[in-house]
Participant: 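Got a structure for you, written out below as structure tokens; questions coming shortly.
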Amino acid sequence: MEGFWENIIVVTAARYSVVILCTLVFLAIFELLTSYKNWEEIKKGNFAVAMATGGKIFGIATIFRYSIEHNDTLLQSIGWGVFGYILLLVGYLIFEFLTPFMKIDEEIGKGNNAVGFISMMISAGLAFVIGASIG
């Protein structure tokens, strides 16, 4: 008989719980970097913020998907997931830096759907690149 911590149901529940917790923490960090309040704007119907936030959620989940796939232990998965998140965060900051002709954060906050969409795609695209690199 398998040990408790080796049971696939227990391992799945543990990884799921950790990813949910990390996602909440990582989204809170992203919210500290933006000039708007994500959930307030989404509640008001700001689709640009919803796309940008959705892209971040997808990005975090994708990074953890690869992290779980390529690592045997929960601790390794968390470590690589956190590292991947840091890279995603750096990508977001580089996106803001490389567009000096407009303030990405302000445009998303104002409801600019085009900028929200590009932000979502950058998060999704970077997540695949980061995930493919996770060891």
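All heavy atoms count here, side chains included; hydrogens, waters and symmetry mates do not.
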Participant: Decide whether Leu24 and Ile68 are clustered together by the hydrophobic rule: side chain heavy atoms of Ile, Leu, Val, Met, Phe, Trp, Tyr closer than 4.5 Å, transitively.
Facilitator: no

Participant: Under a 4.5 Å cut-off applied to non-hydrogen side-chain atoms, are Glu96 and Lys103 in contact?
Facilitator: yes

Participant: If you compare all heavy atoms of Leu74 against all heavy atoms of Arg15, which two are closest, and at what distance to 0.1 Å?
Facilitator: CD1-CG, 3.6 Å

Participant: Is the CZ atom of Phe117 crowded by more than 12 outside heavy atoms at less than 6.0 Å?
Facilitator: no

Participant: Evaluate the side chain to side chain contact (heavy atoms under 4.5 Å, CB included) criterion for residues Thr53 and Trp39: first the C-alpha distance (whole Å), next the side-chain angles of each, then the deciding distance (0.1 Å), finally the verdict.
Facilitator: CA-CA 9 Å; Thr53 302; Trp39 303 109; 4.0 Å; yes

Participant: List, by chain and number, the other hydrophobic cluster members for Phe128, where Ile, Leu, Val, Met, Phe, Trp and Tyr join if side-chain heavy atoms come within less than 4.5 Å, directly or indirectly.
Facilitator: Phe58, Tyr66

Participant: Following the transitive rule for hydrophobic clusters with a side-chain heavy-atom cut-off under 4.5 Å over Ile, Leu, Val, Met, Phe, Trp and Tyr, establish whether Ile63 and Val129 coincide in one cluster.
Facilitator: no

Participant: Ala48 and Gly111: which non-hydrogen atoms are nearest, and at how many Å?
Facilitator: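 Closest approach of Ala48 to Gly111: CB-C, 3.6 Å.
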
Participant: Is it true that atom CG of Leu32 has more than 12 heavy atoms of other residues, nucleotides or ligands lying nearer than 6.0 Å?
Facilitator: yes

Participant: Decide yes or no for Tyr85 and Ile29: does some side-chain heavy atom of the first lie under 4.5 Å from some side-chain heavy atom of the second?
Facilitator: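 Heavy-atom side-chain distance check passes, below 4.5 Å.
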
Participant: Determine yes or no for a side-chain-to-main-chain donor-acceptor pair under 3.5 angstrom, with Glu31 supplying the side chain and Asn38 the backbone.
Facilitator: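 Side chain of Glu31 to backbone of Asn38, a donor-acceptor pair under 3.5 Å: yes, one is there.
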
Participant: Are any of the side-chain heavy atoms of Tyr16 and Ile20 separated by less than 4.5 Å?
Facilitator: yes

Participant: Looking at side-chain heavy atoms only, is the closest gap between Ile122 and Tyr92 below 4.5 Å?
Facilitator: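 The answer is no; the side chains never approach within 4.5 Å.
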
Participant: Are there more than 12 heavy atoms of other residues, nucleotides or ligands under 6.0 Å from atom CG of Leu75?
Facilitator: no

Participant: Are Asn71 and Ile78 packed together at the side-chain level, in the sense that at least one heavy-atom pair is separated by less than 4.5 angstrom?
Facilitator: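 No - every pair of side-chain heavy atoms lies 4.5 Å or more apart.
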
Participant: To the nearest 0.5 Å, how far apart are CD1 in Ile60 and CZ in Phe64?
Facilitator: 8.0 Å

Participant: If you define the side chain from C-beta out and look only at heavy atoms, does anything of Val11 sit under 4.5 Å from Glu6?
Facilitator: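 When only atoms from C-beta onward are counted, Glu6 and Val11 do not touch, as no gap falls below 4.5 Å.
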
Participant: Is Lys56 positioned over the aromatic face of Phe26, cation under 6.0 angstrom from the ring centre and no more than 45 degrees off axis?
Facilitator: no

Participant: To the nearest 0.5 angstrom, please state how far the CG atom of Leu33 sits from the CG atom of Leu89.
Facilitator: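 Reported to 0.5 Å precision, the distance equals 5.5 Å.
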
Participant: Using atom types as modelled and distance alone, determine if a side-chain donor or acceptor of Gln76 lies under 3.5 Å from a backbone N or O of Asp72.
Facilitator: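 A pair under 3.5 Å: yes.
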
Participant: If Ile, Leu, Val, Met, Phe, Trp and Tyr residues are connected whenever their side-chain heavy atoms lie under 4.5 Å apart, and connections chain through other members, are Val25 and Val82 in the same group?
Facilitator: yes

Participant: Which heavy-atom pair separates Ser123 from Gly55 by the least distance, and what is that distance?
Facilitator: CB-O, 3.3 Å

Participant: For a 4.5 angstrom cut-off between non-hydrogen side-chain atoms, does Met51 reach Ser119?
Facilitator: no

Participant: Could you go through the side chain to side chain contact (heavy atoms under 4.5 Å, CB included) check for Ile118 and Ile104 one step at a time?
Facilitator: CA-CA 10 Å; Ile118 292 297; Ile104 301 301; over 6 Å; no

Participant: Are Glu40 and Lys44 close enough, and set up right, to give a salt bridge (charged side-chain N to carboxylate O under 4.0 Å, His left out), and what steps lead you there?
Facilitator: CA-CA 6 Å; Glu40 289 177 19; Lys44 291 183 207 173; 5.5 Å; no

Participant: Rounded to the nearest 0.5 Å, how far does SG of Cys22 lie from CG of Leu27?
Facilitator: 11.0 Å

Participant: Identify whether the distance between the nearest side-chain nitrogen and carboxylate oxygen of Arg65 and Glu69 falls below 4.0 Å.
Facilitator: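 Looking at Glu69 together with Arg65, the answer is yes, because their closest N to O distance falls below 4.0 Å.
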
Participant: Determine whether Lys110 and Val115 satisfy the following criterion, side chain to side chain contact (heavy atoms under 4.5 Å, CB included), listing intermediate values before the conclusion.
Facilitator: CA-CA 10 Å; Lys110 286 190 236 176; Val115 177; over 6 Å; no

Participant: Would you check if the side chain of Thr34 reaches a backbone N or O of Tyr36 as a donor-acceptor pair within less than 3.5 Å?
Facilitator: yes

Participant: Apply side chain to side chain contact (heavy atoms under 4.5 Å, CB included) to the pair Leu93 and Phe97, showing each step before the final yes or no.
Facilitator: CA-CA 6 Å; Leu93 297 173; Phe97 177 74; over 6 Å; no

Participant: Quick one, Ile130 and Leu88 - any side-chain contact, counting heavy atoms below 4.5 Å?
Facilitator: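 SC-SC contact between Ile130 and Leu88 confirmed.
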
Participant: Rounded to the nearest 0.5 Å, what separation is found between the CD1 atom of Ile134 and the OG1 atom of Thr62?
Facilitator: 10.0 Å

